[in-house]
Protein chains: 2
Amino acid sequence: MHQGTIIALRDRVLDAAEAVVVRQGIANLTLEAVAADAGMSKGGLLHHFPSKDKLIEAMVTRCADHWRQHADEAYRQSPEGPGRMARALLSHLEDPESWTEQCQRGSCAVFAALAQNPALIQPMRAVYSEIRERLTRDGLPEGVGETVIAAMDGLWLYRVLGLTTVDRSLMELVRKVLQPLVGTGTPARGTNEPRAARGTHESKKKGIEQ
Amino acid sequence: MHQGTIIALRDRVLDAAEAVVVRQGIANLTLEAVAADAGMSKGGLLHHFPSKDKLIEAMVTRCADHWRQHADEAYRQSPEGPGRMARALLSHLEDPESWTEQCQRGSCAVFAALAQNPALIQPMRAVYSEIRERLTRDGLPEGVGETVIAAMDGLWLYRVLGLTTVDRSLMELVRKVLQPLVGTGTPARGTNEPRAARGTHESKKKGIEQ
DNA sequence: CGGAATCAACCGTCTGGACGGTTTGTCGAT
DNA sequence: ATCGACAAACCGTCCAGACGGTTGATTCCG
């Protein structure tokens, strides 16, 4: 139970930080504001996160973990065959609510890190290199996986910057264009020669294929 | 000549601001730092840009203008036919130096705006809605243009956040995947029924088709 | 059992520094 | 002499982090 409350408290603080960013922007992400939103004093906040850097690092790490977890889960539920990872990623566009929420979480953490200290993005980088690695061994023609994830992150960018309204119709449009590139899961004839997953890799990083 | 020096000075200051962001990050984009980099005092800087908001607004506007100009130019040089705009955008990936430079300029302005006051992104929004509008009348199947630009901006994101190394091989890979979707300029049979450019638009905004 | 000791969680205050913006003054060109 | 282009000093504010408490629960000890 004690462990539980500690974890809940950390999450409460991180939620508060995200809430501050959403409501008041990165410029107003101050320790005082976070403390107030989390219902404690600045002193109390600093007791748990000894510096602003540590706080933001925790935001990014939590976000990266969620993201990794989500990707793993989607991969597991995606039918086998070439393009499994790419299809797993694409499937996220079919769930606008979940996607939108992850957009917001991600943007809070990433922008906070960017403003405070770009090096704090590191955990995100790590997740991306894991995913990119899986994409390159996905059994699709070269570049397809990279294109799919780039397009999805383009949408992410539009959403979090408000560069364009990203409603479900746009998501659907993009998904329908990308879908033919990644196949259906049952390897169809007519696709380009899929690169074989070259050997010499057996869980290079932990947690990639469980 | 006088007008000339004023313009040159504005650009010098904006260049200085970008340089500060590149070297020291958004967190250190202060009026003092910009003034120092531009070789003047803070008072002098504030003489030209009466507030930090105005300075960043100018950064974003200049960047948006460059971006619009570049898109117009590429469109002009792109062969006619369906997908002309999409092909124009894609062609930028063939010029990594220019692309990289625009990445940096854009990221400085956008991130500065994001940190200072998200509303300052407005000029960028305007450029995007112009480009998106041209893309939807591009004579390509629905969603293709949107996918192309999203993928390219995904690459932009990777580059400016350092989420992934974006070298010319990755750019080439993505370009080669997207190319078949936008055709060659000579309308090939076998593509989907292109949407006709619906009438009712005659230079809705200035500067779109000159 | 009961009180002393311990410890983590948390609060309120303070401070040093940085930053945006203002004011006042200087100088050269017209 | 007037005006625009600066410079320098300054002000008010805000924020990260330090510090010294206080509380409340737990444990230790007699």
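What's counted below: heavy atoms across the whole structure, side chains too, no hydrogens, waters or symmetry copies. Proteins get letters first, then strands, A, B, ... in listed order; numbering begins at 1 in each.
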Completion exercise
Taken to the nearest whole Å, CZ/R10(B) to P/dC6(D) is 13 Å

Practice task
Scan side-chain atoms only and decide if Y128(B) and D153(B) contain a donor-acceptor pair under the 3.5 Å cut-off.
Solution key: yes

Handout entry: Under 3.5 Å donor-acceptor, D138(B) side chain and A86(B) backbone
Key = yes

Practice task
Tell whether K52(B) reaches the base of dG21(C) with its side chain through a donor-acceptor pair below 3.5 angstrom.
Solution key: no

Handout entry: Nucleotide dT13(D), atom C1' - distance to CD of E32(A) in whole Å
Key = 12 Å

Exercise for the section: Provide, to the nearest angstrom, the distance between the CZ atom belonging to R12(A) and the C1' atom belonging to dA9(C). Expected result: 11 Å

Handout entry: Main-chain N/O of C103(A) paired with R159(A) side-chain donor or acceptor, under 3.5 Å
Key = no

Exercise for the section: Please work out if L55(B) contacts a base, only the sugar-phosphate, or nothing of the nucleic acid, heavy-atom cut-off 4.0 Å. Expected result: nothing

Exercise for the section: Measure from the side chain of K42(A), starting at C-beta and using heavy atoms only, and say which of dA7(D), dC10(C), dG17(D) lies closest. Expected result: dG17(D)

Exercise for the section: Taking D72(A) for its side chain and Y75(A) for its backbone only, find out whether a donor-acceptor pair lies under 3.5 Å. Expected result: no

Completion exercise
Whole-Å distance, L46(B) CG to dC10(D) C1', equals 14 Å

Handout entry: Options dT22(C), dG17(D), dA9(C), nucleotide nearest the side-chain atoms of H48(A)
Key = dA9(C)

Practice task
Go through dG21(C), dC19(C), dC6(D) for me and flag the one nearest to the L9(B) side chain.
Solution key: dC6(D)

Problem - Any H47(A) side-chain nitrogen or oxygen under 4.0 Å from OP1 or OP2 of dC10(C) - result: no

Exercise for the section: Tell me what L31(A) touches on the nucleic acid: a base, only sugar-phosphate, or nothing, going by heavy atoms under 4.0 Å. Expected result: sugar-phosphate

